[in-house]
Amino acid sequence: MSAQRRSRHTNKDLFDRACRVIPGGVNSPVRAFKSVGGTPFFVAKGKGAYLYDEEGKSYLDYIQSYGAVILGHADSRITTSINHAAIYGSTFGAPTLSEVLLAELIVERVGGCDMVRLTSSGTEAAMSAIRLARGYTKRDKILKFDGCYHGHSDALLVGGGSGVASLGIPDSAGIPQGAVADTVVAPYNEVPPLDESYAAVIVEPVAANMGLVPPRPGFLEGLASECSKHGIILIFDEVITGFRLGTGGASDILGVTPDLWCFGKVIGGGMPIGAFGGKREIMELMAPIGPVYQAGTLSGNPIAMAAGITVLSLLDAGSYQLLASRAERLSRGLEEAFSAAGIEAQVQRFSSLVGVFFGPESVTNYAEAKRSVSLGLYPQFFTEMLDLGVALAPGPYEVIFPGLSHSEKEIDRTVEFAREAARRLAR
Ligand SMILES: *Cc1c(COP(=O)(O)O)cnc(C)c1O
């Protein structure tokens with residue numbers, strides 16, 4: 001790759017500067033490379049499947065903002081819509097047509113989801129969905145699954161996946177006992193015992209924050225039937241899976257319909273966004289027509305709406321076939337790379353989501369994921385790949401996000417690099 005704009009900064013200098021004014025030098029913990037070692041690279045720009053850092057080095061990128069840019073970086077259709085929207089004003093504190101259009105696009109595509117409320121992050125979406133479920137059922141207790149991540153709100157930051165998992169923090173300081181007293185944590189892929197004391201069960205229908213862990217056949221079906229038996233609101237947190245696995249989200253592919261959904265990432269086209277939605281009867285409990293309060297100065301932000309409308313309009317059944325076939329090519333290649341080097345690893349895939357677990361056995365829950373991570377191979381694999389020019393997420397519990405900007409050529413290069421990285425790992 002030709003060197004891009006070369007700044008006077010090295011990544012190391014920038015990180016030192018950042019650490020003086022930003023805790024840990026980052027605005028989201030996983031970015032700090034704590035669990036893989038080394039200094040994070042500072043991104044100067046992104047284009048398609050590639051990132052370019054401040055030193056001019058390029059990376060074939062599989063972080064893709066944790067799945068938020070499904071079309072790749074700086075896709076011209078997205079940047080045009082953002083530029084166009086910005087000309088007319090960036091925020092009003094009043095409703096706009098663009099909010100209606102994006103809400104319609106979501107509701108049209110997700111069967112059973114009658115209404116949505118737009119937020120500025122997935123955290124807000126999950127937090128508000130829980131509040132709504134509690135308001136609707138007039139019950140307090142909620143259940144989440146170990147290793148699933150639903151953002152960083154107090155009640156949901158227990159048994160968390162993603163960055164919380166890779167930092168080895170079981171929960172966080174600063175959360176009062178009372179805030180999590182009503183949160184029960186259960187192992188993923190087993191239908192937990194439930195009763196009439198629960199307001200909601202929240203789950204990632206395909207878990208993608210403890211590595212990639214698909215639902216076992218019958219798990220989500222069992223959960224849905226137990227929830228309906230006891231009048232519990234079933235919430236699918238589709239912040240990663242929504243509009244990544246198919247036009248109707250994971251619920252459509254898996255054939256299980258929850259009561260509420262959370263969305264984020266993909267639906268903002270790379271702009272800050274979140275959404276929660278579901279059955280009209282439940283959603284109409286939201287203020288201003290109901291008693292459950294939730295709000296946001298920048299909610300339904302017109303620039304985020306413009307990017308979201310563009311991306312959802314572009315994604316069709318063909319896009320998802322393409323994504324899944326690229327992901328399959330990548331996962332098959334990675335499997336061959338590890339086995340050629342004699343390294344025991346499981347490449348787990350669901351549709352377009354891919355995850356690597358080192359070790360001899362496939363992973364079905366967080367305890368097994370932690371066992372795999374404790375083998376300690378991910379940091380070295382990550383570092384070798386980065387050295388070869390492939391940016392994987394700097395944490396062993398994150399997944400790989402092949403996107404529409406990764407062509408077969410890029411996938412095949414990635415596999416070649418993985419072969420080399422696996423050989424180095426085996427030494
Ligand atoms: C990323 C994520 C969130 C949080 O979304 P933010 O926009 O980072 O607040 C919630 N749930 C899941 C499943 C996620 O992957």
Side-chain angles (χ1 to χ4, degrees), residues 47-50 60-78 81 102 104-113 204-208 211-215 217 220 236 238-257 261 263-270 307-337 346-356 390 392 398-415 418:
K47 186 69 195 165
Y50 293 88
L60 188 39
D61 175 42
Y62 286 95
I63 307 168
Q64 298 283 307
S65 191
Y66 295 91
V69 286
I70 199 166
L71 303 175
H73 300 291
D75 181 275
S76 63
R77 297 160 295 187
I78 298 284
S81 67
L102 185 61
E104 284 174 351
L105 284 171
I106 295 171
V107 164
E108 272 162 23
R109 281 160 171 72
V110 181
C113 183
E204 287 181 72
V206 177
L212 197 276
V213 178
L220 297 171
F236 274 7
E238 295 219 45
V239 171
I240 282 186
T241 56
F243 302 97
R244 170 164 295 277
L245 305 182
T247 31
S251 52
D252 182 39
I253 290 179
L254 296 160
V256 179
T257 307
W261 283 260
F263 298 109
K265 298 190 171 109
V266 170
I267 64 163
I309 291 164
T310 303
V311 72
L312 291 196
S313 307
L314 287 167
L315 293 170
D316 58 17
S319 323
Y320 294 109
Q321 271 167 16
L322 197 64
L323 273 173
S325 78
R326 297 280 150 76
E328 194 196 356
R329 193 179 181 94
L330 177 64
S331 62
R332 238 190 300 114
L334 291 175
E335 264 167 15
E336 286 163 13
Q346 315 298 317
V347 182
Q348 306 201 159
R349 181 178 75 89
F350 189 97
S351 183
S352 63
L353 287 167
V354 178
V356 173
V390 179
L392 301 174
E398 312 298 339
V399 298
I400 300 173
F401 290 101
L404 289 165
S405 63
H406 294 92
S407 68
E408 285 191 357
K409 188 189 83 188
E410 266 103 25
I411 300 286
D412 293 348
R413 274 187 59 216
T414 308
V415 169

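The figures that follow rest on heavy atoms only: side chains count, while hydrogens, waters and symmetry mates do not. We number each residue from 1, following the sequence as shown.
Closest approach of Q348 to P214, counting heavy atoms only: NE2-CD, 3.9 Å. Nearest heavy atom pair, residue P205 against residue A250, reads CG-CB, 3.7 Å. Heavy atoms only, all atoms of each residue included: I240 and Y66 are closest at CG1-O, 4.5 Å. A208 and L353 make their closest contact through CB-CD1, 4.4 Å (heavy atoms, listed as atom of the first residue, atom of the second, distance). Closest of all the heavy-atom pairs between I63 and F401 is O-CD1, 3.4 Å. In terms of heavy-atom proximity, V110 sits nearest to S251 at CG1-OG, 4.3 Å.
The main-chain N or O of D61 is found under 3.5 Å from a side-chain atom of H406 such that the two form a donor-acceptor pair. Here the side chain of S319 pairs no donor or acceptor atom with the backbone of L404 at under 3.5 angstrom. In this structure a side-chain-to-backbone donor-acceptor pair under 3.5 Å is missing from R109 to F243. Of the possible polar contacts, one joining the E410 side chain to the S407 backbone as a donor-acceptor pair under 3.5 Å is found. Using modelled atom types, no side-chain atom of R326 and backbone atom of P402 make a donor-acceptor pair closer than 3.5 Å.
Put simply, CD1 on I253 and OG1 on T247 are 8.0 Å apart, with the number rounded to the nearest 0.5 Å. Residue I70 holds its CD1 atom at 12.5 Å from OG of S65, rounded to the nearest 0.5 Å. R244 contributes atom CZ, which lies 13.0 Å from atom CD1 of I267 (distance to the nearest 0.5 angstrom). Here the CG-CZ distance, from L334 to R329, works out to 12.5 Å after rounding to the nearest 0.5 Å. Rounded to the nearest 0.5 angstrom, L102 CG and F263 CZ are separated by 10.5 Å. Here the SG-CD1 distance, from C113 to I106, works out to 7.5 Å after rounding to the nearest 0.5 Å.
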side-chain contact (heavy atoms from CB on, under 4.5 Å) evaluation trace for Y320 with L315:
CA-CA 8 Å; Y320 294 109; L315 293 170; 3.4 Å; yes

Applying side-chain contact (heavy atoms from CB on, under 4.5 Å) to D75 and S405, what does each step give before you reach the verdict?
CA-CA 9 Å; D75 181 275; S405 63; over 6 Å; no

Can you check side chain to side chain donor-acceptor pair (under 3.5 Å) on S325 and E328, steps first, answer last?
CA-CA 5 Å; S325 78; E328 194 196 356; over 6 Å; no

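Residues V354 and L212 form no side-chain contact, since every pair of their non-hydrogen atoms from C-beta on lies 4.5 Å or further apart.
A donor-acceptor contact under 3.5 angstrom links the side chains of E238 and T241, judged on distance only.
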